[in-house]
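Below is one structure, written out as structure tokens, with a few remarks after it.
One-based numbering, in listed order, for ligands and for the atoms of each.
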Amino acid sequence: MSYLSIAENVGLVKSRIEKAAITAHRLPDEITLVAATKMNSAEKIAEAISAGVSVCGENRVQELLEKNAQNAYAGSSIHFIGHLQSNKVKQVVGVCDLIQSVDSLELLSLIDSRAKSLGIRQEVLLEINIGGEDSKSGMVETDLPLILEKASAFSSVFIRGIMAIPPISNSAGENRVYFARMRQLFIDNSAKKYDNVSMDFLSMGMSGDFEEAIAEGSNMVRVGSAIFGARAYPEKDN
Ligand SMILES: *Cc1c(COP(=O)(O)O)cnc(C)c1O
């Protein structure tokens, strides 16, 4: 797929982000690039970090812990972007700077308890199943305000925004409608002030559509294959 080096790909992705931001009359610096590192080795991750990646996102707890033990993320923040099972909360809280994939009040509560016992405050995003797909994790959008209202009970978590993985699209522009809905949700729920909530991040957009996501207000894009090349194995959660 890609014959460029990881460093060259990072440079290209960054300039595409910059261009998309300028086109949308936004500041390129407002947009955080998260390198989605699943299936990629510590060596490749190091290459991306030295080329200017400052945030890495992992999907699977096991892979995260293995690579973290190899010091793969040195020089970068770590985000958890995959589906998080409740029995794995303990392994992720305090290890990741941001857990992007909190999709229920139960999970939020478990993260809060664990963070409390560690004496830290865990930053999280709430994941929205914006395409309403049965196969995807994420809460239904109407649950968002209900969870934000209840956040005041969870003083060891800090909700920093929302995240979505829209349906797989077959043609350019297909996901615009979902990105626009996410933007509206973000705006609507930013207007009201809740305890333990600060709506700072709207995480959406991947290799195939991050420019469209930026056009619709994304300020955090998660990019894997455009940096590391096509993944060798089929994806699965956890
Ligand atoms: C793999 C992954 C990405 C990046 O996907 P690409 O299409 O390779 O850019 C983004 N977000 C999540 C949650 C992922 O699992």
Side-chain angles (χ1 to χ4, degrees), residues 1-2 4 6 8-17 20 31-41 44-45 47-49 51 53-64 67 72-73 76-85 88 92 96-104 107 123-131 133 135-139 160-176 178-179 182 201-214 216 218-238:
M1 186 183 134
S2 167
L4 296 179
I6 288 173
E8 286 168 318
N9 284 337
V10 169
L12 265 178
V13 166
K14 285 195 162 200
S15 64
R16 285 170 59 188
I17 290 173
I31 296 158
T32 302
L33 167 63
V34 179
T37 47
K38 59 172 170 274
M39 320 292 307
N40 286 289
S41 65
K44 288 186 173 178
I45 295 170
E47 222 178 304
I49 293 171
V53 159
S54 55
V55 185
C56 292
E58 279 293 352
N59 284 71
R60 295 167 208 170
V61 175
Q62 187 63 27
E63 206 178 322
L64 165 77
K67 290 189 215 165
Y73 313 106
S76 148
S77 315
I78 317 175
H79 290 186
F80 191 75
I81 61 176
H83 178 63
L84 183 57
Q85 291 170 306
K88 293 187 177 163
V92 169
C96 293
D97 301 283
L98 182 69
I99 300 172
Q100 293 205 12
S101 41
V102 177
D103 61 359
S104 68
L107 189 57
E123 300 199 0
V124 304
L125 302 184
L126 299 177
E127 181 179 354
I128 313 294
N129 184 353
I130 197 68
E133 296 169 283
S135 61
K136 285 241 171 80
S137 44
M139 65 185 72
R160 300 293 307 274
I162 54 176
M163 178 270 227
I165 309 170
I168 293 171
S169 70
N170 300 308
S171 59
E174 229 173 59
N175 279 336
R176 282 291 281 248
Y178 298 113
F179 292 146
M182 282 295 288
F201 299 116
L202 176 55
S203 173
M204 58 187 192
M206 318 204 298
S207 292
D209 55 19
F210 67 82
E211 282 128 326
E212 290 163 36
I214 291 169
E216 294 294 347
S218 168
N219 60 14
M220 185 171 272
V221 295
R222 307 175 311 268
V223 179
S225 49
I227 293 176
F228 298 105
R231 284 177 291 274
Y233 305 96
E235 283 169 43
K236 63 175 178 64
D237 258 352
N238 293 291

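- Atom numbering of ligand 1 starts at 1 in the shown order; those under 4.0 Å from a heavy atom of Val223 are 9 (O).
- For ligand 1, the atoms sitting less than 4.0 Å from at least one non-hydrogen atom of Ile165 are 13 (C), numbered in the order shown with element in parentheses.
- With sequence neighbours excluded, the residues satisfying side chain to side chain contact (heavy atoms under 4.5 Å, CB included) with Gln62 are Glu66.
- Using a 4.5 Å cut-off on side-chain heavy atoms (C-beta onward), Cys56 and Val34 make no contact.
- Here the shortest heavy-atom distance to atom 10 (C) of ligand 1, taken over Gln100, Met39, Met206, belongs to Met206.
- Shown in contact with Lys38 at under 4.0 Å from a heavy atom are these atoms of ligand 1, numbered in order with element: 1 (C), 2 (C), 3 (C), 14 (C), 15 (O).
- Applying the side-chain hydrogen bond (donor to acceptor under 3.5 Å, both in side chains) rule to Ser218 yields no partners; only residues at least two apart in sequence or on another chain are considered.
- Residue Asn59 approaches ligand 1 through these ligand atoms, each under 4.0 Å from one of its heavy atoms: 14 (C), 15 (O).
- Note that the CD1 atom of Ile31 and the CG atom of Leu202 stand 10.5 Å from one another [nearest 0.5 Å].
- Here's the thing with Met163: none of its N/O atoms is less than 3.5 angstrom from an N/O atom of ligand 1.
- Put simply, CG on Leu125 and CE on Met204 are 12.5 Å apart, with the number rounded to the nearest 0.5 Å.
- Per-residue contacts place Ser207 under 4.0 angstrom from the following atoms of ligand 1 (heavy atoms of the residue considered): 6 (P), 7 (O), 8 (O), 9 (O).
- Considering Val13, Ile227, Ile81 only, the shortest heavy-atom separation from atom 12 (C) of ligand 1 involves Ile81.
- The CG atom of Leu33 sits 11.5 Å away from atom CZ of Arg222, with the distance rounded to the nearest 0.5 Å.
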